[in-house]
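These notes are about the structure you will find just below.
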Amino acid sequence: MAEQRDSGGRRMPSHPLAQNAADRRRPGGNGRARAAGGGRGGTRRPLPPGEQFFTPGATGVRAAVERASAAPLVFLFQLPRWITPIVMVALLLAGFSLPDWRGGVAVLPVVAFIAWLAYMSWPSLGVKGRLLRVALLTFLTLVAADRFGAF
């Protein structure tokens, strides 16, 4: 298993899903790299270069969230590119078109997903990116609150 180093220079095993297809070996030990699809009949997108899922120097809650988020992030990356945006747009359209509590329930997963991605990307963002994410989350939260009858 490939390893990486944390902020203190200690060696940490990388997440097994973060390994590139060329790094995973067949159990037979013949030394050949497994195909990207892994014999499941479909092809998967290769992961981006590098194995860094963690913010250097992160401690406490951020480190725990980043470790817990590694597998879902890899899963989302392996999905076809069009699935996540289609699901988010469908939920948003339902949230905008349903004026009652069902619209609020449809917007909540979008709020949670955007908040999670914003939290994960926060250390690498500039001021404009942070403001945009805060504005988007504020807007979506107000839409959900409106659908639940807060206004």
Side-chain angles (χ1 to χ4, degrees), residues 1-2 4 6 12-27 32-151:
M1 183 184 316
Q4 62 188 24
D6 66 3
M12 302 175 17
S14 66
H15 196 280
L17 293 175
Q19 296 174 350
N20 291 325
D23 294 338
R24 295 186 291 253
R25 304 289 178 198
R26 291 181 189 246
R32 289 187 190 164
R34 185 175 6 168
R40 297 183 201 178
T43 60
R44 292 180 149 185
R45 287 192 299 163
L47 292 175
E51 296 179 7
Q52 190 67 24
F53 280 104
F54 310 110
T55 303
T59 59
V61 174
R62 173 159 280 291
V65 170
E66 287 178 351
R67 280 200 178 84
S69 297
L73 282 171
V74 170
F75 172 76
L76 285 173
F77 188 80
Q78 296 297 335
L79 290 175
R81 292 179 190 222
W82 55 269
I83 288 182
T84 304
I86 293 294
V87 169
M88 292 295 122
V89 167
L91 288 170
L92 278 177
L93 287 176
F96 291 148
S97 64
L98 298 171
D100 56 1
W101 63 270
R102 295 175 295 169
V105 170
V107 172
L108 287 179
V110 178
V111 171
F113 184 73
I114 298 295
W116 174 58
L117 288 180
Y119 182 80
M120 295 300 294
S121 64
W122 197 264
S124 64
L125 294 175
V127 175
K128 290 180 183 178
R130 290 179 180 185
L131 286 175
L132 182 64
R133 280 159 180 81
V134 169
L136 178 63
L137 283 170
T138 302
F139 171 73
L140 291 175
T141 303
L142 289 173
V143 168
D146 177 58
R147 297 305 187 251
F148 284 119
F151 302 111

- request: List the atom of W122, the atom of R130, and the distance in Å for their closest heavy-atom pair.
  value: O-NH2, 2.9 Å
- request: Verify side chain to side chain contact (heavy atoms under 4.5 Å, CB included) between W101 and R147, making sure each step is shown before the conclusion.
  value: CA-CA 5 Å; W101 63 270; R147 297 305 187 251; over 6 Å; no
message: Ring of Y119, cation from R133 - is the NZ or CZ under 6.0 Å from the centre and inside 45° of the axis?
response: no
field: Working for side chain to side chain contact (heavy atoms under 4.5 Å, CB included), residues V107 and L91
entry: CA-CA 6 Å; V107 172; L91 288 170; over 6 Å; no
For the student: nearest non-hydrogen atoms of F113 and L76, plus distance: CE1-CD1, 3.6 Å
statement: Output for pair (T84 OG1, L117 CG), nearest 0.5 Å, gives 9.0 Å
field: Steps toward side chain to side chain contact (heavy atoms under 4.5 Å, CB included) verdict (Q78, V74)
entry: CA-CA 6 Å; Q78 296 297 335; V74 170; 4.3 Å; yes
task: For side chain to side chain contact (heavy atoms under 4.5 Å, CB included), just list the numbers for L92 and L140, CA-CA rounded to whole Å, side-chain angles, deciding distance to a tenth of an Å, and then say yes or no.
output: CA-CA 9 Å; L92 278 177; L140 291 175; 3.6 Å; yes
task: Answer whether the closest heavy-atom distance between the side chains of M88 and I114 falls below 4.5 Å.
output: no
query: Under a 4.5 Å cut-off applied to non-hydrogen side-chain atoms, are R62 and P123 in contact?
result: yes
field: L73 and W116, any side-chain heavy atoms less than 4.5 Å apart
entry: yes
message: I need the minimum non-hydrogen distance between V105 and F148, along with the two atoms involved.
response: N-CZ, 3.6 Å
- prompt: What are the two closest non-hydrogen atoms of A115 and L137, and how far apart are they?
  reply: N-CD2, 3.6 Å
task: Measure across A106 and G95 and return the closest heavy-atom pair with its distance rounded to 0.1 Å.
output: CB-N, 3.8 Å
